[in-house]
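Below, read A as the first sequence line, B as the second, and so on, with proteins coming before strands; counting in each chain starts at 1.
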There are 2 protein chains.
Amino acid sequence: MAARTLTPKGEQTRQRIILGASAEILESGVEEVRLEDIMARTATSKGQLFHYFPGGREELVLAVTRHETAQALREQTEALLGFESWADWQRWRDAMVVWYQGRGLRCPLLGLLSADAGRRMPEAQAVMVEFMANWQAVLAEGLRRLRAAGCLAADVDVPRAAAALLAGIQGGILLMITTGRIDHLTAALDQSATARRTSTS
Amino acid sequence: MAARTLTPKGEQTRQRIILGASAEILESGVEEVRLEDIMARTATSKGQLFHYFPGGREELVLAVTRHETAQALREQTEALLGFESWADWQRWRDAMVVWYQGRGLRCPLLGLLSADAGRRMPEAQAVMVEFMANWQAVLAEGLRRLRAAGCLAADVDVPRAAAALLAGIQGGILLMITTGRIDHLTAALDQSATARRTSTS
DNA sequence: TAGATTCTGGACTGGCTGGTCCATTTTTGC
DNA sequence: GCAAAAATGGACCAGCCAGTCCAGAATCTA
């Protein structure tokens, strides 16, 4: 917020804190993470934390939220806007599964919007809302391309299908985190497209 | 856990605490609720809280989790095991939407399994896992009945469809809580069945 | 080089809140 | 009616942790 001047070194430290906090949150969840944990992981002092994030814990979490959403949106955009064939969809679907498996069935974002976190941090929630809208738009564009390529029935309501797909993904991830199983996610991903498929590849 | 003797009066107080805690959690989220809030709402003292829940906060939350999951499962079972026609499905779908709207787009359960809560309270998480499995089974039975009634294509993979449906519901609720909109939930519910429908009613 | 600015470290504080403890009152069972 | 058991009220404690503060080191700028 405040237009403060940061030296290169300062900028570096700031980034290190965001990355460390991000990792810490992924592992333990927002509520669970203590400033001390972040200090330990990033080898910083309390003075530094409040120097770079005068708003304290809340501002830091907000920065992490921004960082993670931007990252995720970038990756999804890159993957989905290239859709031109059924194989592309399959690749993306598989990549999603692998991505989460590689992270031990955790999600860097879902921990950020636990039901109550939003109430306490409206700014972070706003970021999440915007992120979801953007992701949905990207999903819609991907589906539109698939439809254009003839992989989906011509009468598919793309925006609505994208909404359902996003819900399926989120629920799949939630259930993955809760149950430790990934089959809800795969089932949701598969249903979203195969049900509307015009023909088998 | 401990086989303690409760007088009718005691049992009544215990129930009052669970109900009050449940309402408080619905409104503010698990992490946000303080014992003091529950005491105020239920007109009880700290002595009573620890008298009925020797395990303290954690035991109380566990009791609430058990209470809410049992309640939800009862309602869903009642609704879904009666499925005999397409109209039944429509009624259930509409009822789901109305139910959440009536609660101000909140969910008594989703707040209980925020990503990190599970790590801190494995017992509550286990209850949630079991609940999800049961709900999914009930959904599967509902779909099976629909298929038997000829409302769904005969080749629908019911267990997998149920998994996808559950994911869609959870994600829809999550997005409802986050964004304040209910259209993801409706899109997920509708897609799950309409895509597989054999014919229009 | 010198003064200003930024960066870093860490001791300290204040409030919050879960949990303990016990005295008192009410209910139970005989 | 009367012990015993259960229920209730609330004062008190202790640990945790975000946030404050300031002194000193490093870095920039002129």
Can you tell me how far apart CD1 (B:Ile169) and CG (B:Leu174) are? Round to the nearest 0.5 Å. 13.5 Å
Just to be sure I understand the geometry, which residues of residues 35-48 of chain A put a non-hydrogen atom under 4.0 Å away from DNA chain D? A:Leu35, A:Lys46
Rounded to whole Å, please give me the gap between CD in A:Gln12 and C1' in C:dT6. 15 Å
Any side-chain N or O of A:Thr13 under 4.0 Å from OP1/OP2 of C:dT8? yes
How many whole angstroms separate atom CZ of A:Phe50 from atom P of C:dG9? 16 Å
Spacing of B:Glu59 atom CD relative to C:dG19 atom C1', expressed in whole Å: 13 Å
Exceeds 12 heavy-atom contacts within 6.0 angstrom, atom CD of B:Gln71: yes
Check A:Asp190 with B:Arg160, please: is the shortest side-chain N to carboxylate O separation under 4.0 Å? yes
Please report, rounded to the nearest Å, how far the P atom of C:dC7 is from the CD1 atom of A:Ile17. 11 Å
Salt-bridge criterion met for A:Glu123 and A:Arg66 (N-O under 4.0 Å): no
Electrostatic pair A:Arg91-A:Asp88, nearest N-O below 4.0 angstrom: yes
Mind calculating the distance between CG (B:Leu60) and C1' (C:dG18) to the nearest angstrom? 12 Å
Lys/Arg N to Asp/Glu carboxylate O, B:Asp37 vs B:Arg34, below 4.0 Å: no
Whole angstrom is fine here: how far is it from CG in A:Leu6 over to P in C:dT5? 16 Å
Pair up each side-chain donor or acceptor in residues 7-15 of chain A with any protein partner under 3.5 Å, not counting sequence neighbours, and list the distances.
unit_1  : atom_1 : unit_2  : atom_2 : d
A:Thr7  : OG1    : A:Gly10 : N      : 3.2
A:Thr13 : OG1    : A:Lys9  : O      : 3.1
A:Arg14 : NH1    : A:Tyr52 : O      : 3.4

Would you indicate what A:Leu49 reaches in the nucleic acid, counting non-hydrogen atoms under 4.0 angstrom: base, sugar-phosphate, or nothing? nothing
Review item, nucleotides 24-30 of chain C N/O atoms under 3.5 Å of protein N/O:
none

Tell me whether the NZ or CZ atom of B:Arg93 lies within the 45° cone about the ring axis of B:Trp89 and under 6.0 Å from its centre. no
Ignoring backbone atoms, establish whether A:Tyr52 has a side-chain N or O less than 4.0 Å from OP1 or OP2 of C:dT6. no
Pairs meeting criterion salt bridge (Lys or Arg N to Asp or Glu O under 4.0 Å) with involvement of residues 40-53 of chain A, two or more places apart: A:Glu24-A:Arg41, A:Glu27-A:Arg41
Atom CD of B:Gln15 and atom P of D:dA7: how far apart are they, to the nearest Å? 14 Å
Looking only at non-hydrogen atoms, find the nearest pair between A:Ala43 and A:Arg16 and report the distance. O-NH2, 3.5 Å
Whole-Å distance between D:dC16 P and A:Glu32 CD? 14 Å
Let me have the donor-acceptor pairs involving side chains of residues 136-147 of chain B, under 3.5 Å, with sequence neighbours excluded, atom names and distances please.
unit_1   : atom_1 : unit_2   : atom_2 : d
B:Gln136 : OE1    : A:His184 : NE2    : 2.6
B:Glu141 : OE1    : B:Arg144 : NH1    : 2.8
B:Glu141 : OE2    : B:Arg145 : NE     : 3.3
B:Arg145 : NE     : B:Leu81  : O      : 3.2
B:Arg145 : NH1    : B:Leu81  : O      : 3.1
B:Arg145 : NH2    : B:Leu81  : O      : 3.4
B:Arg147 : NH1    : B:Val156 : O      : 3.0

Quantified as the angle between the terminal helix axes (five pairs each), what is the overall bend of the helix from C:dT1-D:dA30 to C:dC30-D:dG1 to 10 degrees? 20°
